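Basis for what follows: all heavy atoms, side chains included, without hydrogens, waters or symmetry-related copies. Source: prediction; values computed, not measured. Numbers here are sequence positions counted from 1.
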Amino acid sequence: MGFCDGKVVDIHTHMYPPEYVKILESRTSIPLVRSFPGSSDPRLILLDTEVPILEEAEAAKARGETPTNIPGRPLTKHYSSLDQKMHFMETHEIDISVVSLANPWLDFLSASEAGPIAESINADFSRMCEEKCGRLFFFAALPLTASQEVILSSIAHVSSLPYCRGVILGTSGLGKGLDDPDLLPIFQALADARLIIFLHPHYGLPNEVWGPRAQENYGHVLPLALGFPMETTIAVTRMYLAGVFDQVPQLNMLLAHSGGTLPFLAGRIESCILHDGHLHAAGTKPKKTIWEVLSSQVYLDAVVYSDVGLKAAVAASGPEGHERLMFGTDHPFFPPLGSDEEGEWESVTWNGAAVRKAFGEDAEGVKVQKVMGGNAVKVLNLRRDGCR
């Protein structure tokens with residue numbers, strides 16, 4: 001990909017360690033992994049919209065038939081192989097990756113399972129980073145279905161891991177969303193440990209929003225292109241209205257997919273707050289404006305695929321907005337269709353081109369280098385100290 005002399009850092013890149021895949025293979029409800037005749041790779045099935053197709057495919061399999069429609073996406077070696085991750089980095093000239101467990105993380109585990117499995121998954125990521133010292137860091141997974149005591153203990157533990165640079169979090173939190181008051185001690189512990197939250201969607205919007213034609217005609221386009229960004233936007237706005245950013249002023253977040261639609265809708269959110277009599281009468285209006293939060297406690301990834309969206313993200317992030325954006329690829333999701341997965345991925349090259357185009361005359365200059373890697377190195381302290 002080649003961006004002058006600056007390092008290229010991918011802060012939005014996922015893996016499923018083999019242990020995690022085994023858990024998904026053992027499950028009887030989504031999320032799960034299944035194998036079907038007609039598919040050379042096992043299928044990863046994550047979304048509620050995929051359940052009807054899953055049921056039809058399993059019924060066909062039980063009859064000894066090849067399913068007409070195979071649910072989910074192929075679980076290729078890109079999801080679990082460290083060698084494949086490094087090959088992807090080399091192919092796209094990525095110097096450093098900050099890997100994280102992909103959705104739905106550990107949200108589906110029982111309270112008793114969550115703590116030990118989180119520790120084991122984070123140990124797997126630590127070993128990968130140690131093996132590729134200086135090339136890999138990671139965002140840890142938290143056991144959010146466990147007790148608060150276990151969650152706080154997990155935060156203390158991962159903060160001591162040399163390659164951990166934050167945690168990845170879904171929008172459900174403890175099950176009630178990110179405006180849940182019970183999350184405040186957890187947010188405070190993360191802030192005290194200086195662990196950034198990488199916020200990533202998974203649950204989307206209710207299936208009925210997509211209409212009766214979606215399942216057969218529209219593939220995954222609506223839930224992924226629209227549901228995921230809106231999920232992030234709603235989750236962060238709920239946090240903002242609940243006063244989380246006021247109550248935990250040292251909390252820092254990195255939002256996936258350039259913050260969803262938040263950069264575009266921030267002005268509308270401010271206007272609705274200004275004109276809402278209930279908030280003013282109750283005295284619950286946030287102390288900071290949404291613009292102040294975006295320019296001080298929120299970072300955005302650059303996984304937006306066009307300079308139009310990227311320009312909005314930069315503009316919404318304050319006067320020095322180019323210092324609050326970080327490049328990402330979303331690997332191993334969105335592989336090229338009908339072509340060589342070992343080669344270049346459009347999902348990567350589009351994001352790189354968007355950064356260049358968004359900054360115009362500075363296309364080979366300082367701002368681009370910061371977004372492509374400099375910001376991540378500085379904010380996440382991605383140093384090679386201690387590598388042998």
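- Distance alone, capped at 3.5 Å, is enough to place a donor-acceptor pair between the N351 side chain and the V304 backbone.
- No chain of hydrophobic side-chain contacts below 4.5 Å, direct or via other Ile, Leu, Val, Met, Phe, Trp or Tyr residues, connects M230 to F264.
- In this structure the side chain of L136 reaches within 4.5 angstrom of the side chain of L82, judged on heavy atoms.
- Contact check for L300 versus R324: no side-chain heavy atoms found under the 4.5 Å cut-off.
- I53 CD1 to T68 OG1: the interatomic distance, rounded to the nearest 0.5 Å, is 11.0 Å.
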Begin with the C-alpha distance, continue with both residues' side-chain angles, and end with the deciding distance and a verdict on side-chain contact (heavy atoms from CB on, under 4.5 Å) for D192 and Q188.
-> CA-CA 6 Å; D192 292 343; Q188 187 62 61; 2.9 Å; yes
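- Note: K85 NZ to H14 NE2 = 8.0 Å, rounded to the nearest 0.5 Å.
- Looking only at distances, a side-chain donor or acceptor of E50 sits under 3.5 Å from a matching main-chain atom of L46.
- Looking at T91, its side chain never comes within 3.5 Å of a backbone N or O of E344 through a donor-acceptor pair.
- Applying the side-chain hydrogen bond (donor to acceptor under 3.5 Å, both in side chains) rule to pairs touching residues 299-311 yields H12-D301, sequence neighbours excluded.
- Residues I117 and V21 share a single hydrophobic cluster, defined by chaining ILVMFWY side chains whose heavy atoms lie under 4.5 Å apart.
- Within the 3.5 Å criterion, the main-chain N or O of W345 finds a donor-acceptor partner in the side chain of H92.
- Pairing each heavy atom of P162 with each of R165, the nearest pair is O-NH1, 2.9 Å.
- Between Y79 and L75 the shortest heavy-atom distance is CG-CD1, 3.6 Å.
- A donor-acceptor pair is defined here as one N or O able to donate and one able to accept, closer than 3.5 Å; such a pair exists between the side chain of R43 and the backbone of P71.
- Put simply, CD on E130 and CG on L161 are 11.5 Å apart, with the number rounded to the nearest 0.5 Å.
- The backbone N or O of V368 lies less than 3.5 Å from no partner atom in the side chain of R356, so there is not a single donor-acceptor pair.
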Mind listing the side-chain donor-acceptor pairs of residues 265-272 below 3.5 Å, one per line with the distance, residues two or more places apart or on another chain?
residue, atom, partner, partner atom, Å
E270, OE2, Y240, OH, 3.1
E270, OE2, I290, N, 2.8

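- Contact detail for A191 and V248: the closest heavy-atom pair is CB-CG1, 3.8 Å.
- E231 places a side-chain N or O within 3.5 Å of a backbone atom of Y203 that can act as its donor or acceptor partner.
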Which pairs of donor and acceptor atoms, one on a side chain in residues 29-39, lie under 3.5 Å apart (sequence neighbours left out)?
residue, atom, partner, partner atom, Å
S29, OG, R27, NH2, 3.3
R34, NE, E58, OE2, 3.3
R34, NH1, E25, O, 3.3
R34, NH1, R27, O, 3.2
R34, NH2, R27, O, 2.3
S39, OG, D41, O, 2.7

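- Clustering of Ile, Leu, Val, Met, Phe, Trp and Tyr by side-chain heavy atoms under 4.5 Å joins L274 with none of the others.
- The aromatic rings of F137 and Y163 sit tilted, their planes meeting at an angle between 30° and 60°.
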CA sep, side-chain torsions, deciding dist, call: I186, L174, side-chain contact (heavy atoms from CB on, under 4.5 Å) | CA-CA 10 Å; I186 294 166; L174 303 176; 4.0 Å; yes
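- Linking Ile, Leu, Val, Met, Phe, Trp and Tyr whenever their side-chain heavy atoms come within less than 4.5 Å puts L106 and I155 in one cluster.
- A donor-acceptor pair under 3.5 Å is absent between the side-chain atoms of S100 and the main chain of I168, judged by distance alone.
- Note: H331 and H78 have perpendicular aromatic rings, judged against thresholds of 30 and 60 degrees for the angle between ring planes.
- For the pair G170 and W105, the tightest heavy-atom approach, listed with the atom from each and the gap, is CA-CZ3, 3.4 Å.
- Rounded to the nearest 0.5 angstrom, K370 NZ and E320 CD are separated by 7.0 Å.
- Side-chain atoms of L254 and V379, non-hydrogen and from C-beta on, never get closer than 4.5 Å to each other.
- Using a 4.5 Å cut-off on side-chain heavy atoms (C-beta onward), L169 and F139 make no contact.
- Ring planes of H257 and F228: tilted class, angle from 30 to 60°.
- In this structure, D95 contributes its side chain and K7 its backbone to no donor-acceptor pair below 3.5 Å.
- Across every non-hydrogen atom of V355 and A302, the tightest pair is CG2-CB, 4.4 Å.
- Around the CZ atom of F108, the shell of radius 6.0 Å holds more than 12 heavy atoms that belong to other residues, nucleotides or ligands.
- In this structure, P336 and E346 approach most closely via the heavy-atom pair CB-OE1, 3.4 Å.
- Both W291 and L251 belong to a single network of hydrophobic side chains, linked directly or stepwise wherever heavy atoms of I, L, V, M, F, W or Y lie under 4.5 Å apart.
- V9 and W350 fall within the same hydrophobic cluster, defined by Ile, Leu, Val, Met, Phe, Trp and Tyr side-chain heavy atoms under 4.5 Å apart, directly or through other members.
- Once rounded to the nearest 0.5 Å, the distance linking CZ of R194 with CG of N252 reads 10.5 Å.
- Side-chain contact between L241 and I273 is present, with at least one heavy-atom pair separated by less than 4.5 Å.
- One finds the OG1 atom of T13 at 8.0 Å from the CE atom of M89 (value rounded to the nearest 0.5 Å).
- Using modelled atom types, one side-chain atom of S295 and one backbone atom of E292 make a donor-acceptor pair closer than 3.5 Å.
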Distance-only check: which donor-acceptor pairs under 3.5 Å involve side-chain atoms of residues 207-216, not counting sequence neighbours?
none

Please tabulate, one pair per line, all N/O donor-acceptor pairs under 3.5 Å involving side-chain atoms of residues 140-153, not counting sequence neighbours.
residue, atom, partner, partner atom, Å
T145, OG1, L109, O, 2.9
S147, OG, V150, N, 3.3

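- H200 is listed as a side-chain neighbour of N103, based on a closest heavy-atom distance under 4.5 Å.
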Full working for side-chain contact (heavy atoms from CB on, under 4.5 Å) between T171 and H202 = CA-CA 8 Å; T171 63; H202 169 70; over 6 Å; no
Give the intermediate values and the outcome of side-chain contact (heavy atoms from CB on, under 4.5 Å) for residues L101 and F125.
-> CA-CA 9 Å; L101 185 66; F125 279 116; 4.0 Å; yes
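- Side chains of N122 and F138 form a contact here, defined as non-hydrogen atoms less than 4.5 Å apart.
- Counting heavy atoms from C-beta on, the side chains of L255 and V236 come closer than 4.5 Å.
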